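Below: one structure, written as structure tokens.
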Amino acid sequence: MNPSWIWLTIALPFAGFLANGILALVKPDAKRVVSLVGPGVLLAAFGVAAAIFAGLWSAPPDEAVVVPLWAWIGAGALEINLALQVDQLSLVMLMVVTGVGSLIHIFSVGYMHADPGFARFFAYLNLFVVFMLILVLGSSLPVLFVGWEGVGLCSYLLIGFWYQDKANADAGKKAFIVNRIGDVGVMIAMFLIFWSIGSLEFTEIAKRAPEALAIGGTLVTAITLFLFLGCAGKSAQIPLYVWLPDAMAGPTPVSALIHAATMVTAGVYLVARTSVLFAMAPLSSAVVAGVGALTALFAASIGLRQYDIKKVLAYSTVSQLGYMFLGVGSAAFTAGVFHLVTHAFFKALLFLGSGSVIHAMHHAYHASHSHDDPQDMRNMGGLRKYMPVTFWLMLLATLAIAGVPPFSGFFSKDEILASAFGRGAEHPIYYLFWAMGALAALMTAFYMMRLIAMTFLGENRTGAKEREHLHEAPAVMTGPLLVLGVLTVAGGIINFPAFWPTGPHHGLESWLEPVLAPAAKLMPVHLPHGSTEYALIAAAVAIAILGLVAGYRATMRRTIPVAKQAPEEVGFAKVLFHKYYIDEIYRSLIVRPLVGVSRLVLWKFVDQGVIDGLGVNGSGGLARGLGWLGGRLQSGQLGLYVIVFVVGAVWLLHAVGR
């Protein structure tokens, strides 16, 4: 298919948003129509994306194909068209967003079917994909920024979907506000790029940046650091990661869509898309890699002591995003994108699998009129007997995220760690980043096996009445899990390393080369070879197996009490359980002082003093004073009127005479 039809991939889900939005207003109970329209438009968009991808696979373009739609902004030297860019990188993202997004939409039909806001949910879900596609297909930073802000809006709508619950509404607001902090960084970076380069088009930035900016200079360092501030907000890196765990307040398919295939990967995509700038800023690249490694380790440690099954996966997402930034910060842009793709497979499977578990637990508790938490793993146990398909698929995803070969996560994570280690020969600080990533990998394997053991193994802790209602999810939910299971197992094939005896060699790397070549020339990847390479591979596998075994033994060797009977955490476990009290620290140091100052300055002084006092009340008082004065003049005494008339006439004649 001709790339000029790329606009259809956006138009189709937008049509779904309009249709489902109208149904949500006029006929919210039309679930059959919504069930066809919601996933249907995504499947159609995926079909268009696959046709374009297949057409360019045989003859990849040397340069990006820009598809202009219409003129958008024109102001002096600034001319921006609303245009879409078709190249190897945007096509990879397009396939992931529409492909995995379609599976999540199908799963949502079963998961949300009993919800009264069914049509509204799919309207939001379709709109979310629309903005994500604008983000990855935009040919310039302003067009990307439209999608960037759009997914922020939709995350607010979806995270706070059950807005009747204050906690859910607060979580949506938290995500929206924290992301605005990072968005300021992207805006400042855009101003600096246009001022220094004269264009905001990605193709022009790649061409002009090496000539207009000095390598390692202050300006390019400032630009990239401001860009990374936006990436840290959108992709939940320290210190702006705090919104993502709270995003679990939304329905589980929302968590899968946001955490696996769309919004949180936007920051990694932006770094890859502007790779030339980051390759010209070694300091910024080191900051990206360092923050990524620290985030991977920090979030993994929190995951060790969480009990909400979705919270464990949320901190896992934060940690895995840290790996992606470690990759792109080590100049291994392909490895970062590779892990983005494989993570979309196994993390979507983990989230949707947890959705199946929560679905079963919710129905079991509802049938028995229990008020226990259906998401707390301490209330589960032994679900393998009742949900064997979900168990095996989530186990495959656990092996993938832990980095066990030959599952997809092994290849992408190993390539990132190897790239960081290789760059250490030139910049020793990267050896520390590698060690932090390796330790995070050990923790990842531990807490993921802990999740599997507490949820599916051992004795069942749901209760006798609840067990009667436990069952596997319906086919509309299990089907997407099976597809994701295949991708989780075989997804690594898209970038098999060169030492693999058969099959394609570094397919993704070769595919992305035209887009990433300018950055590679400025900052080439340093990969270890020979015995060092094999030693790193052996260490990665050993770490994964050690973490899995330790997680299993530590979980299964003791009796697990149900949540309401569990003793309070003590020692450092309590610190991990409370997530290092970061939310409490932010609340004390930032939120409360800001609210206090706002109440004093904005409310008391500006609102009540200036607006109400001088504006509303002041104008009212002035009107009353004029009315009183007018009332005094209207006395009804004819003599007074004559005197006023004569005085006025004399004054007027005197003024005219002068």
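Numbers here are sequence positions counted from 1. Values in this document were obtained by computation on a predicted structure and should not be read as measured data.
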Are the side chains of L94 and L91 in contact, using a 4.5 Å heavy-atom criterion? yes
Is there a donor-acceptor pair under 3.5 Å between the side chain of Q237 and the backbone N or O of L229? no
Taking side chain to side chain contact (heavy atoms under 4.5 Å, CB included) as the definition, give me every residue that meets it alongside H427, ordered by chain and number, with sequence neighbours left out. R423, I429, Y430
Trace of the side chain to side chain contact (heavy atoms under 4.5 Å, CB included) decision for T444 with Q320: CA-CA 9 Å; T444 299; Q320 295 302 306; 3.9 Å; yes
Decide yes or no for T317 and H343: does some side-chain heavy atom of the first lie under 4.5 Å from some side-chain heavy atom of the second? yes
Does the side chain of Y323 pick up a donor-acceptor pair with the side chain of S412 at under 3.5 Å? no
is_close_aromatic(Y365, H362), centroid dist under 6.0 Å: no
Verify the ring-centre separation between Y315 and Y447: is it less than 6.0 angstrom? no
Side chain proximity check, L451 to M377, heavy atoms < 4.5 angstrom: yes
N/O donor-acceptor pair under 3.5 Å between S102 side chain and L42 backbone: yes
For ring pair (Phe, Tyr, Trp, His ring centres under 6.0 Å), just list the numbers for F298 and Y241, CA-CA rounded to whole Å, side-chain angles, deciding distance to a tenth of an Å, and then say yes or no. CA-CA 11 Å; F298 181 79; Y241 73 94; 5.6 Å; yes
Look only at the side chain of S319 and the backbone of S316, and say whether a donor-acceptor pair between them is shorter than 3.5 Å. no
Residues that R461 engages under side chain to side chain contact (heavy atoms under 4.5 Å, CB included), provided they are two or more places apart: M454, I560, V562
Within 6.0 angstrom of E568 CD, more than 12 heavy atoms from elsewhere: no
Count the heavy atoms belonging to other residues, nucleotides or ligands that lie under 6.0 Å from CD of E513, then report whether that count exceeds 12. no
To the closest 0.5 Å, what do you measure between OH (Y269) and CG (L89)? 5.0 Å
Using 30° and 60° as the class boundaries, would you call the ring planes of Y307 and F577 parallel, tilted or perpendicular? tilted
For G233, is there any backbone N or O sitting under 3.5 Å from a side-chain donor or acceptor partner on W243? yes
S285 side chain to F278 backbone, donor-acceptor under 3.5 Å: yes
Under 3.5 Å donor-acceptor, N179 side chain and A175 backbone: yes
Distance-only, no hydrogens or angles: does the N168 side chain make a donor-acceptor pair with backbone N or O of W162 under 3.5 Å? yes
In sequence, state the C-alpha distance, the side-chain angles, and the governing distance for F421 and E533, and then conclude on side chain to side chain contact (heavy atoms under 4.5 Å, CB included). CA-CA 10 Å; F421 190 90; E533 179 183 11; over 6 Å; no
Measuring from L227:CG to R273:CZ, what's the distance to the nearest 0.5 Å? 13.5 Å
Where do V486 and L482 land on the side chain to side chain contact (heavy atoms under 4.5 Å, CB included) test, with the steps shown first? CA-CA 6 Å; V486 173; L482 293 171; 5.9 Å; no
Between Y111 and T252, is there a side-chain donor-acceptor contact under 3.5 Å, judged purely by atom types and distance? yes
Using a 4.5 Å cut-off on heavy atoms from C-beta on, say whether the side chain of D583 contacts that of V242. yes
Hey, could you give me the OG1/CG distance between T532 and L527, rounded to the nearest 0.5 Å? 12.0 Å
Qualifying salt bridge (charged side-chain N to carboxylate O under 4.0 Å, His left out) pairs, either residue in residues 544-565, two or more places apart: D372-K564
How far apart are the closest heavy atoms of F333 and A519, and which atoms are they? CE1-CB, 3.9 Å
Mind checking side chain to side chain contact (heavy atoms under 4.5 Å, CB included) for L297 and listing every partner two or more places apart, or none if nothing turns up? M436, L439, A440, M443
Can you name the nearest heavy-atom pair linking F325 to S235, along with the distance? CE1-CB, 3.5 Å
Taken in chain and number order and not counting sequence neighbours, the residues that satisfy side chain to side chain contact (heavy atoms under 4.5 Å, CB included) with I545 are V541, V549
Please round to the nearest 0.5 Å and tell me the distance separating atom NZ of K311 and atom CE of M248. 8.5 Å
Measure the OG-CG distance between S255 and L313 for me, rounded to the nearest 0.5 Å. 9.0 Å
How close do I258 and V264 get, heavy atom to heavy atom, and via which atoms? O-CG2, 3.1 Å
Can you list, pair by pair, the side-chain donor-acceptor contacts under 3.5 Å of residues 380-401, counting residues two or more places apart and other chains?
| residue | atom | partner | partner atom | Å |
| --- | --- | --- | --- | --- |
| T390 | OG1 | E472 | OE2 | 2.4 |
| T398 | OG1 | M394 | O | 2.9 |

For residues M448 and L548, determine if any side-chain heavy atom of one lies less than 4.5 Å from a side-chain heavy atom of the other. no
Full working for side chain to side chain contact (heavy atoms under 4.5 Å, CB included) between L536 and L417: CA-CA 8 Å; L536 290 174; L417 292 175; over 6 Å; no
Please report the closest heavy-atom contact between T462 and N379, naming both atoms and the distance. CG2-O, 3.3 Å
Between the side chain of S408 and the main-chain N/O of G492, is any donor-acceptor distance below 3.5 Å? no
Do S330 and W434 come close enough that some side-chain heavy atom pair is under 4.5 Å? no
Shortest non-hydrogen separation from F433 to A289 and the atoms involved: CD1-CB, 3.9 Å
Closest non-hydrogen atoms of I159 and V254, given as atom of the first, atom of the second and distance, are N-CG1, 4.4 Å
Between the NZ atom in K234 and the CG atom in L240, the distance rounded to the nearest 0.5 Å is 11.0 Å
Contact between L257 and P253 at the side-chain level, heavy atoms closer than 4.5 Å - yes or no? no
With a 4.5 Å cut-off on side-chain heavy atoms, are L340 and M93 touching? yes
Side chains of S284 and T224: any donor to acceptor distance under 3.5 Å? yes
